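Heavy atoms only: backbone and side chains are in, while hydrogens, waters and symmetry mates are out. Bear in mind the structure is a predicted one, so any value in this text is a computation, not a measurement.
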Amino acid sequence: MRSLEHAVDPRAPLLSDLNKQRALAPGANMSCYFHHVRQEIRPLLPRTATSILEIGAASGQTLRWIRTIYPDAMTTGVEINDAVAEELSRNADVAILGSIDECLPRLKKYDLILLLDVLEHLVESKAVLQKVRGLLQPGGHVVVSVPNVAHLSVAIPLLFKRRFEYQDAGILDRTHLRFFVEDTAIGLMNDAGLKVSKGLISGMQGYKAKTLHRLSFGLLKHHLAKQYIMLGEAIDGEEPQKPFSWRIAE
């Protein structure tokens, strides 16, 4: 049975929340943001999951899709935009409206948590990720995606024109407050008490990117990556991050 819950205090500051920021972006393609299905994360998903949380769930299209993989799982979506509340309530078992900070006290324990294109929009991204880690069941997993500011579309104008311009969407989305490269993306996970066990590079599905990747013998891989998508597992103490190989997302 699906339900819709509102966070307790709607007066709390909302500007650090992903979708509130997006709603303020002039000309942003809101339909793309709120209805995109993140099927590229499939290779990172664990074998089983019974309780799934998505923060920044938008209209819940990804949660609806993920139920085809885990048909018996209970799904919860956190979203701030009231405009998609009804749709989210249809696509998730539990839909909670409010900013991340508002909603955290209302959340339970989960064995799979998704934060896809969320952390780059937050003032305190590490603190939020640390709190989310506390919501993991023993043996649980977190899937995080962040943009790669070293992408050629950013690096080349900086190198040759000494300039960059914010956009309505993409790597230089005007609502991004944090920027990442490979090391800082992994470092964010480690600082929050998570080790990265698997990783995907997204944004190399097109013909040009594939050709450049092939002609450079893979040397441009991290300049062709638009996003780093990581599977995180909770660590205790000072367990070091082990090397892993980035796979190319399909």
Side-chain angles (χ1 to χ4, degrees), residues 1-8 17-18 37-58 60-80 88-89 91-119 122 124-146 185-200 228-242 244:
M1 182 176 182
R2 290 168 170 76
S3 64
L4 177 64
E5 303 176 12
H6 287 264
V8 175
D17 183 88
L18 163 66
V37 182
R38 298 297 299 273
Q39 295 189 36
E40 71 271 25
I41 70 173
R42 182 66 179 91
L44 300 184
L45 296 179
R47 183 177 301 176
T48 62
T50 59
S51 54
I52 302 169
L53 167 68
E54 183 176 10
I55 296 177
Q61 297 298 324
T62 297
L63 286 177
R64 180 179 179 180
W65 162 72
I66 215 167
R67 283 291 295 272
T68 66
I69 301 169
Y70 310 110
D72 297 323
M74 176 70 70
T75 60
T76 299
V78 171
E79 173 58 41
I80 194 172
L88 176 59
S89 68
N91 292 325
D93 294 303
V94 178
I96 302 177
L97 296 182
S99 71
I100 293 173
D101 287 338
E102 287 179 301
C103 295
L104 278 171
R106 300 176 65 83
L107 301 176
K108 301 177 182 179
K109 293 284 186 176
Y110 307 89
D111 50 21
L112 177 59
I113 301 176
L114 309 179
L115 293 103
L116 306 175
D117 301 345
V118 172
L119 295 172
L122 304 182
E124 299 292 343
S125 54
K126 183 177 79 170
V128 169
L129 190 55
Q130 287 172 331
K131 292 176 182 178
V132 168
R133 179 194 180 278
L135 300 175
L136 278 179
Q137 296 273 19
H141 297 82
V142 179
V143 179
V144 170
S145 68
V146 293
I186 297 172
L188 174 67
M189 300 284 279
N190 295 164
D191 290 345
L194 298 162
K195 67 176 179 181
V196 181
S197 56
K198 295 180 182 179
L200 293 175
Y228 291 114
I229 311 174
M230 301 165 287
L231 178 68
E233 304 173 24
I235 55 176
D236 295 317
E238 299 296 325
E239 182 179 342
Q241 170 67 53
K242 296 180 180 179
F244 65 93

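Residue Leu200 holds its CG atom at 10.5 Å from CE of Met230, rounded to the nearest 0.5 Å. Atom CD1 of Ile66 sits about 5.0 Å away from atom CG of Leu114, to the nearest 0.5 Å. A distance of 8.5 Å separates CG in Leu63 from CG in Leu53, rounded to the nearest 0.5 Å. Rounded to the nearest 0.5 Å, atoms CG (Leu119) and CD1 (Ile100) are 7.5 Å apart. We find the CG-CZ distance between Leu45 and Arg47 to be 13.0 Å, quoted to the nearest 0.5 Å. With rounding to the nearest 0.5 angstrom, the CD1 atom of Ile235 is 11.0 Å from the NZ atom of Lys242.
Under the side chain to side chain donor-acceptor pair (under 3.5 Å) criterion, Thr48 pairs with no residue, sequence neighbours left out. By the ring pair (Phe, Tyr, Trp, His ring centres under 6.0 Å) test, Tyr228 pairs with His222, Trp246, sequence neighbours left out. Arg38 pairs by the side-chain contact (heavy atoms from CB on, under 4.5 Å) definition with His36, Glu40, Ile41, Thr62, Leu116, Asp117, Ser145, Gln227, Ile229, not counting sequence neighbours. Judged as a side-chain contact (heavy atoms from CB on, under 4.5 Å), and not counting sequence neighbours, the contacts of Ala73 are Ile52, Tyr70. In this structure Thr75 satisfies the side chain to side chain donor-acceptor pair (under 3.5 Å) test together with Asp93, sequence neighbours excluded.
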For residues 188-197, run the donor-acceptor check on the side chains, cut-off 3.5 Å, and write out each pair with its distance to 0.1 Å, sequence neighbours left out.
unit_1 : atom_1 : unit_2 : atom_2 : d
Asn190 : ND2    : Leu194 : O      : 2.9
Asn190 : ND2    : Gln241 : OE1    : 2.9
Lys195 : NZ     : Glu239 : OE2    : 3.3
Ser197 : OG     : Glu233 : OE2    : 2.9

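Shortest non-hydrogen contact noted between Ala92 and Gly77 is CB-N, 4.1 Å. Shortest non-hydrogen contact noted between Ala57 and Leu88 is CB-CD1, 4.0 Å. Closest heavy-atom contact between Gly140 and Leu136: C-CD2, 3.8 Å. Considering every non-hydrogen atom in both Ile96 and Cys103, the closest pair reads CG2-SG, 3.6 Å.
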Checklist entry - Is there a side-chain contact (heavy atoms from CB on, under 4.5 Å) between Arg106 and Val78 once you walk through the steps? => result CA-CA 10 Å; Arg106 300 176 65 83; Val78 171; over 6 Å; no
Next on the checklist: Walk me through whether Leu135 and Leu104 qualify under side-chain contact (heavy atoms from CB on, under 4.5 Å).
Outcome noted: CA-CA 9 Å; Leu135 300 175; Leu104 278 171; 3.8 Å; yes
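The environment of Lys108 atom NZ is sparse: at most 12 non-hydrogen atoms of other residues, nucleotides or ligands sit within 6.0 angstrom.
In this structure, Val37 and Arg64 have side chains that are not in contact, with every pair of non-hydrogen atoms separated by 4.5 Å or more.
Checking side-chain atoms of Ser51 against main-chain N and O of Asp111 turns up a donor-acceptor pair under 3.5 Å.
Counting only residues at least two apart or in different chains, salt bridge (charged side-chain N to carboxylate O under 4.0 Å, His left out) contacts with residues 128-142 comprise Arg133-Asp236.
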